[in-house]
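One structure is given below, encoded as C-alpha cells.
Source: prediction; values computed, not measured.
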Amino acid sequence: MRLLRRFALLWSALGVLGCEPGEPPVVTPDAGGAPLAYTVDRYDFAFDLTTRQAASRLWLDVDAGARGCVSLPAPAEVTDVRWGDLPPASFRVTDGQLEVCGATPLKGPLWLDSRLSVPEATTPYTQVGFSRRLDAQGRPFTYLLGWLESCALFGPCDTAPGRLAHFTFDVTHAPGEVVLCPGSLSRRDETHTRCELLGTRAPTYSAFMIASHPAWKRTRLVDTDAGRVELYEPPGGLLGPEIDAAAVADFLAWMTARFGPLPYGPELRVASGRTDWLGMEHPANILLRDDLPLLPRAYANMTLHTLMHEIVHQWAGDRTTLASAEDYPWKEAVAEYLTYVFEDEHRGDEAATTLAYWDRLARTSSYYLRPRDTPAPPFLSFVNDIYGTGPMILLVQLESLLGRPQVLAGLQAFLSEPGVRSIEDLRHALETASGRNLQRYFDTWVDGEGEPDWPYFQVEWSQEDALTLTVTQRTQTGKVYPCEVELELQGAAQEERRRVTVSYGLEPESATARLTVEGPGWTVQQVVVDPRGRLVNRRSPGLVREPAPHAWRL
C-alpha cells in the first residue's frame with residue numbers, strides 16, 4: 001500500500017492484535033469442549049454487491065475425530081453458523097470472537113459456514129470496509145476492502161497478519177458491472193464473476209478485496225514474457241495518459257529477473273478508483289487513486305512511481321508477508337527501495353526526487369521504525385510515519401555501508417520463498433549477504449521510544465597542504481549511530497564542488513570522525529552534510545542551528 005503523508009490521520013481502531021505467526025489460536029473454551037488448534041487453509045467468499053449479503057466457508061485443518069471448540073474473530077451479527085454439514089453443538093459471539101463447538105470429521109477437512117449482512121460502512125479515517133463512492137462523472141466505484149487485522153469485518157476470519165491461505169470469490173452484481181477480485185478472473189454470466197486464488201497463498205489483509213465500476217474499460221498496457229498488465233479505467237480517465245507502458249514493461253522484466261515470475265499468474269490487473277490511499281496491492285490486482293496525476297508531485301512521476309511500488313508488493317507483502325503488525329515497515333521499505341533503485345538505474349533524475357521526498361518525511365518523523373512506546377502509538381499514525389525512514393534506514397543507508405549488490409542479494413534471499421518474514425528476518429538476510437554483523441545498526445536505528453533522536457552532524461575543517469575534516473554526531477541522548485556521511489565541499493565558484501564520505505562504520509566508538517583530503521586546490525568555504533538526502537538526520541532542539549539541507553531545494 002502507498003499512502004501520501006499529507007493525508008495521514010490518527011486511527012486507533014486497527015491496533016496490534018492477533019497471534020504470533022505459526023502458532024495456532026488459543027481460546028478459552030466454554031462447557032462445549034476444549035480449544036482446538038487449527039489453521040484456515042481456504043476461504044470461500046460469496047458476496048452480492050447489490051444486497052450486501054455475504055456467505056463464508058472456511059476450510060480448517062484440524063485434528064481428525066476430535067471434539068472441542070474453534071474460536072475466530074467475527075462480527076456479532078453473523079448468522080446461520082454451521083459445522084460442516086450440521087448445526088454446531090454450540091456457538092456464540094463474545095467480544096468479537098466466534099466460538100463454535102462440535103466434533104471434527106474422521107477424514108477430510110472441517111468447514112465452517114456462516115452468513116452476514118455487510119454494512120455499507122468503513123473504519124474511521126480509512127476506506128477499510130465496504131463503500132460506494134461517486135467518481136467525477138457521478139458513477140459509483142464500489143470497494144470491499146480489507147486491511148491489516150480487519151478481515152473479520154466480512155465474516156469469521158483469522159486476522160493475524162502472518163496467515164496465508166487460498167481464496168475463492170463468487171460475486172453477484174448488476175448486469176454489465178465490471179468486477180475485479182484476487183486471483184484468476186472469470187465471468188459465468190452478466191451478473192456473476194468468480195475469482196480463484198488456489199495457487200500461491202496470500203494474506204488475508206490484501207486478499208479480501210472486491211472492486212467494481214460500471215464504466216471500466218480494459219486496455220492492455222504490457223504483453224511480454226514477464227507478464228501482461230491490463231488497465232481498467234473509465235473513458236477519459238487520468239491514469240492511462242500518465243503511465244509509460246514501456247517503463248512498466250521494463251520494470252516488470254527487472255523485477256521478474258531478480259525475484260521470479262509474477263506470484264499470482266501472468267496477468268496483473270490495474271484499476272482506477274475513488275480511493276483514499278494512493279494505491280493498494282491485492283493478489284494479481286492493483287487499485288490506484290483515480291486522481292493521482294492531479295496530486296502534489298511528491299515523486300517526479302506520481303502515477304508511475306506508485307504503480308511500480310504496488311507491483312513490488314506482489315512479491316513483498318503478498319507472496320512474502322509480514323509476521324506481525326510491527327513488521328509493517330519492511331513491507332513498505334522494500335517496495336519503496338526497489339522502485340527507487342529502478343529509477344536510479346533507468347529513470348534519470350527521478351531517483352533524486354524520491355530521495356528528497358523521503359528526506360523531508362524522515363526529518364519530521366514522530367516514531368522509530370519499531371516503536372517501543374507505552375502505550376503503543378495509534379497504528380495508522382505509526383505506519384504513515386515510516387515511508388521516509390523505512391526505505392532510508394532499512395536499505396538506502398545500508399547501501400553506503402554494505403554496497404548495493406549486497407543489499408539486493410539480501411532482498412533476493414529474503415523474498416525467495418513464499419511465507420512470513422519479520423524485520424529480524426530482513427536483518428539476518430542482509431547479514432548473510434554481506435558477511436557483516438548488523439545488530440548494533442538495528443538496535444540504534446530501528447528500535448526506540450518517544451520522538452526519534454536522529455543525529456545532527458557538525459563539521460569543522462582546517463585547510464593547509466591538505467584538508468582536514470572533523471565530523472561530530474550531535475544527539476540529545478549521546479547515542480552514536482553507525483552510518484556513513486556524505487559531505488559536499490563547496491568553494492566560491494560554482495565549479496568548485498567535491499563530494500567525500502566520512503564513515504563511522506557499523507561499530508562506532510566515538511561520536512567524532514576525521515578525514516584528511518588531499519587538495520582540493522581551492523579554498524573550501526562551506527561543507528554541506530548529506531547533499532543527496534541518503535541519511536536520516538536532523539537538527540535536535542538546543543543544538544547548533546542546522547543549515548537548510550541541499551536536498552530540499554527542488
Side-chain angles (χ1 to χ4, degrees), residues 1-2 49 135 139 141-145 167-169 171 173 176-188 190 192-200 202 206-207 209-256 261-275 278-293 301-315 317-319 335 339:
M1 181 179 66
R2 188 68 187 91
L49 289 176
D135 66 12
R139 299 168 300 204
F141 166 68
T142 305
Y143 201 11
L144 182 140
L145 172 65
F167 298 82
T168 68
F169 297 86
V171 186
H173 49 84
E177 191 85 358
V178 182
V179 172
L180 298 178
C181 41
S184 62
L185 180 71
S186 62
R187 287 177 69 92
R188 194 174 73 209
E190 281 297 298
H192 293 88
T193 297
R194 179 174 173 83
C195 294
E196 295 184 347
L197 193 61
L198 301 176
T200 303
S206 63
M209 165 266 188
I210 298 170
S212 73
H213 194 287
W216 273 339
K217 300 297 181 184
R218 185 179 65 178
T219 303
R220 179 157 294 181
L221 292 178
V222 174
D223 191 353
T224 68
D225 292 341
R228 302 185 302 274
V229 180
E230 310 274 4
L231 176 65
Y232 287 75
E233 187 173 35
L238 301 176
L239 299 183
E242 288 287 313
I243 297 176
D244 182 341
V248 176
D250 289 345
F251 183 68
L252 205 56
W254 189 85
M255 282 294 299
T256 55
L262 279 165
Y264 299 102
E267 183 174 280
L268 182 61
R269 299 181 286 272
V270 178
S272 70
R274 188 48 56 101
T275 63
L278 302 189
M280 178 69 188
E281 75 274 13
H282 303 289
N285 296 267
I286 290 169
L287 263 292
L288 296 180
R289 183 172 168 141
D290 57 7
D291 62 351
L292 257 177
N301 187 320
M302 286 286 289
T303 305
L304 182 61
H305 183 101
T306 304
L307 175 55
M308 292 192 296
H309 173 111
E310 302 303 337
I311 288 174
V312 175
H313 278 318
Q314 296 295 303
W315 291 267
D318 283 342
R319 185 181 72 172
T339 301

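Side-chain contact check for Met209 versus Leu180: some heavy-atom pair is nearer than 4.5 Å. Between Thr275 and Met280, every side-chain heavy-atom pair lies at or beyond the 4.5 Å cut-off. Taking 4.5 Å as the limit, every side-chain heavy atom of Val229 sits out of range of all side-chain heavy atoms of Phe251.
Rounding to the nearest 0.5 angstrom, the gap separating the CD1 atom in Ile311 from the OG1 atom in Thr306 is 11.0 Å. Between the CZ atom in Arg319 and the CG atom in Leu262 there is a gap of 10.0 Å [rounded to 0.5 Å]. From Leu278, atom CG reaches atom CG of Leu292 across 5.5 Å, with rounding to the nearest 0.5 Å. Expressed to the nearest 0.5 Å, how far CG of Asp135 lies from CG of Asp291 amounts to 11.0 Å. How far CG of Asn285 is from CG of Leu185: 8.0 Å, rounded to the nearest 0.5 Å.
Sorted by first then second residue, the salt bridge (Lys or Arg N to Asp or Glu O under 4.0 Å) pairs that include residues 236-245, not counting sequence neighbours, are Glu242-Arg297, Asp244-Arg347. Sorted by first then second residue, the ring-ring contact (aromatic ring centres under 6.0 Å, His included) pairs that include residues 214-234, not counting sequence neighbours, are His213-Trp216. Among residue pairs with one or both ends in residues 178-187, none qualify as salt bridge (Lys or Arg N to Asp or Glu O under 4.0 Å); sequence neighbours excluded.
Listed by chain and number, the residues in a side-chain hydrogen bond (donor to acceptor under 3.5 Å, both in side chains) with Ser212 are Glu177 (sequence neighbours excluded). For Tyr143, the side-chain hydrogen bond (donor to acceptor under 3.5 Å, both in side chains) partners two or more places apart in sequence, or in a different chain, are His282. Residues forming a side-chain hydrogen bond (donor to acceptor under 3.5 Å, both in side chains) with Ser272 (at least two apart in sequence, or on another chain): none. When the salt bridge (charged side-chain N to carboxylate O under 4.0 Å, His left out) test is applied to Asp290, the partners found at least two apart in sequence or on another chain are Arg274. Scanning for salt bridge (charged side-chain N to carboxylate O under 4.0 Å, His left out) contacts around Arg220 gives Asp223, Glu230, with sequence neighbours left out. Every residue meeting the side-chain contact (heavy atoms from CB on, under 4.5 Å) condition with Ala284, not counting sequence neighbours, appears here in chain and number order: Tyr264, Arg269. For Arg228, there are no side-chain hydrogen bond (donor to acceptor under 3.5 Å, both in side chains) partners, not counting sequence neighbours. Under the ring-ring contact (aromatic ring centres under 6.0 Å, His included) criterion, Trp315 pairs with no residue, sequence neighbours left out.
When every heavy atom of Ala215 is checked against every heavy atom of Arg139, the shortest pair comes out as CB-NH1, 3.7 Å. Heavy atoms only, all atoms of each residue included: Leu304 and Ala247 are closest at CD2-CB, 4.0 Å. Of all heavy-atom pairs spanning Ala207 and Ala202, the tightest one is CB-CB, 4.1 Å. In terms of heavy-atom proximity, Thr224 sits nearest to Ala249 at CG2-CB, 4.3 Å. Nearest heavy-atom pair across Ala245 and Val222 is O-CG2, 3.7 Å.
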Begin from the C-alpha positions of Phe169 and Leu144 and carry the test side-chain contact (heavy atoms from CB on, under 4.5 Å) through to its verdict. CA-CA 12 Å; Phe169 297 86; Leu144 182 140; 5.9 Å; no

Passes side chain to side chain donor-acceptor pair (under 3.5 Å), His309 versus His313? Steps please. CA-CA 7 Å; His309 173 111; His313 278 318; 3.1 Å; yes

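Remark: the backbone N or O of Gly240 is paired with a side-chain donor or acceptor of Glu233 at under 3.5 angstrom. One N or O on the side chain of Thr256 and one on the backbone of Ala253 form a donor-acceptor pair closer than 3.5 Å.
When the options Val270, Leu288, Val248 are evaluated for a side chain to side chain contact (heavy atoms under 4.5 Å, CB included) with Leu231, the one that passes is Val270.
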Acceptor/donor pairs from residues 193-200 side chains to any protein atom, 3.5 angstrom cut, sequence neighbours excluded:
from   : atom 1 : to     : atom 2 : distance (Å)
Thr193 : OG1    : His173 : NE2    : 2.9
Arg194 : NE     : Glu196 : OE2    : 2.8
Arg194 : NH1    : Asp170 : OD1    : 3.3
Arg194 : NH1    : Asp170 : OD2    : 2.5
Arg194 : NH2    : Glu196 : OE2    : 3.0
Thr200 : OG1    : Pro263 : O      : 2.9

